[in-house]
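Numbering of ligands and ligand atoms starts at 1, following listing order. This is a predicted model, so every value here is computed, not measured.
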Amino acid sequence: MLFNGIDFDTYFKYYPNQEGYFGRYGGVYVDDELKAAMAEITEAYFTICKSRKFIAELRRIRKEFQGRPTPISHLERLSNKLGNVQLYVKREDLNHTGAHKLNHCMGEALLAKYMGKKKVIAETGAGQHGVALATAAAYFGLECDIYMGSVDIKKQAPNVARMKILGANVIEVTEGLATLKEAVDAAFAAYAHEYKDAIYCIGSVLGPHPFPMMVRDFQHVVGEEAREQFIEMTGELPDAIVACVGGGSNAAGFFSGFLNDPVKIYGIEPLGRGEKLGDHAASLKYGTEGIMHGFNSIMLKDENGEPAPVYSVASGLDYPSSGPEHAFLRDLGRVQYDVINDEETIDAFFTLSRMEGIIPAIESAHAVAYGMKLAKTMGTGSVLINLSGRGDKDMDYVLENYGIR
Ligand SMILES: *Cc1c(COP(=O)(O)O)cnc(C)c1O
């Protein structure tokens, strides 16, 4: 399918290009030593992703360990309540560990094993990426160092416990505000010393090339499965698909199954408390071009041009930028990026729980809220929503801050 001069039939062959660019976004903005480490990972990835043995092992892991394919559920009661549009969800909440993140962590850890590395290193904010990577490390018998700000360690006690039980070293970062940004810096610094024995495992389609490409490719299974399952279930393609966008990994994988189809695609960012800088994390809607954490993309900046403070009720979505491929797809117009605020999210969280018996992650509830909005405006047709994770981690927070609705 030709769209604004881009042929989506051959899209994956040319995007990103050899230097890791999606149009003007992406690249490798790190010092020379880390550049060499990135080049090593890129080369290993290109060798391994063509290897039959690697592909077979990843397939087996997905089936026997992760429980894939995850199903698609038809939200019959909710659809009937809203009108004629039929809503469906792809159930990444049923993937092992309860979210999509394990899809790329298993891929990254398998790559580490094939490269002969002994250790995986990463940062974590809310702890979701840390738990997924600790799970993958335990499976493969790799050491696992997770850098986490001391503020987050206090806030996210259950996830810290999970990582420790899984055998990971949780390394406290006390510098600066002691949250995600400082944890990223500490993890990168550690990796710069240890890259001969270790591999850095990023948590989304972010960071220097090859990570945005590699993480998208590992998440492609979500879109691939969803397309096939949806056609099998209904005999046709959905009219629209929706996913939430933090860094953008669940969206990138899900969208990648449908880019070449006549399907409307919506990426949903968190509007939090409102449009003022600091009250949201909608980088693609309100941000400008800039470089951070090793890549060029669209980001929210403060008055000094530094990454701005961001906020969302969903801790998995509060990052001041998004993956370079999303910036590219936005400029191209192939994906429409829109926003959902905290209030609408909490409403959707309760609505899906009450009407369908599915408690969504607050991140995923952003996509559900948008799907419900679409259902009201479209009149007829179908919408497939990527339910990126389950809401167990959010229940206490929602009850304490919003009460039962
Ligand atoms: C981390 C997380 C997200 C946001 O990350 P993306 O890279 O944007 O997908 C979304 N949903 C859940 C359940 C998460 O844990």
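- In the model, Ser364 has a side-chain atom that pairs as donor or acceptor with a side-chain atom of Ser388 under 3.5 Å.
- Taking the six-membered ring where tryptophan is involved, the planes of His129 and His104 are tilted, since the angle between them lies from 30° to 60°.
- Between Phe22 and Tyr25, a ring centre-to-centre spacing not shorter than 6.0 Å is recorded.
- The aromatic rings of Tyr191 and Tyr200 lie tilted to each other, with the angle between the two planes from 30° to 60°.
- Asn386 and Glu92 share no side-chain donor-acceptor pair at under 3.5 Å.
- The aromatic rings of Phe65 and His96 sit perpendicular, their planes meeting at an angle over 60°, well past the 30° parallel limit.
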What are the distances between nitrogen or oxygen atoms of ligand 1 and protein nitrogen or oxygen atoms, counting only those under 3.5 Å?
unit_1	atom_1	unit_2	atom_2	d
ligand 1	7 (O)	Ser204	OG	2.6
ligand 1	7 (O)	Gly248	N	3.2
ligand 1	7 (O)	Ser249	N	2.7
ligand 1	7 (O)	Ser249	OG	2.7
ligand 1	8 (O)	Gly246	N	2.8
ligand 1	8 (O)	Gly247	N	3.2
ligand 1	8 (O)	Gly248	N	2.7
ligand 1	9 (O)	His100	NE2	3.1
ligand 1	9 (O)	Ser249	N	3.4
ligand 1	9 (O)	Ser249	OG	3.2
ligand 1	9 (O)	Asn250	N	2.8
ligand 1	9 (O)	Asn250	ND2	2.8
ligand 1	11 (N)	Ser388	OG	2.7
ligand 1	15 (O)	Lys101	NZ	2.6

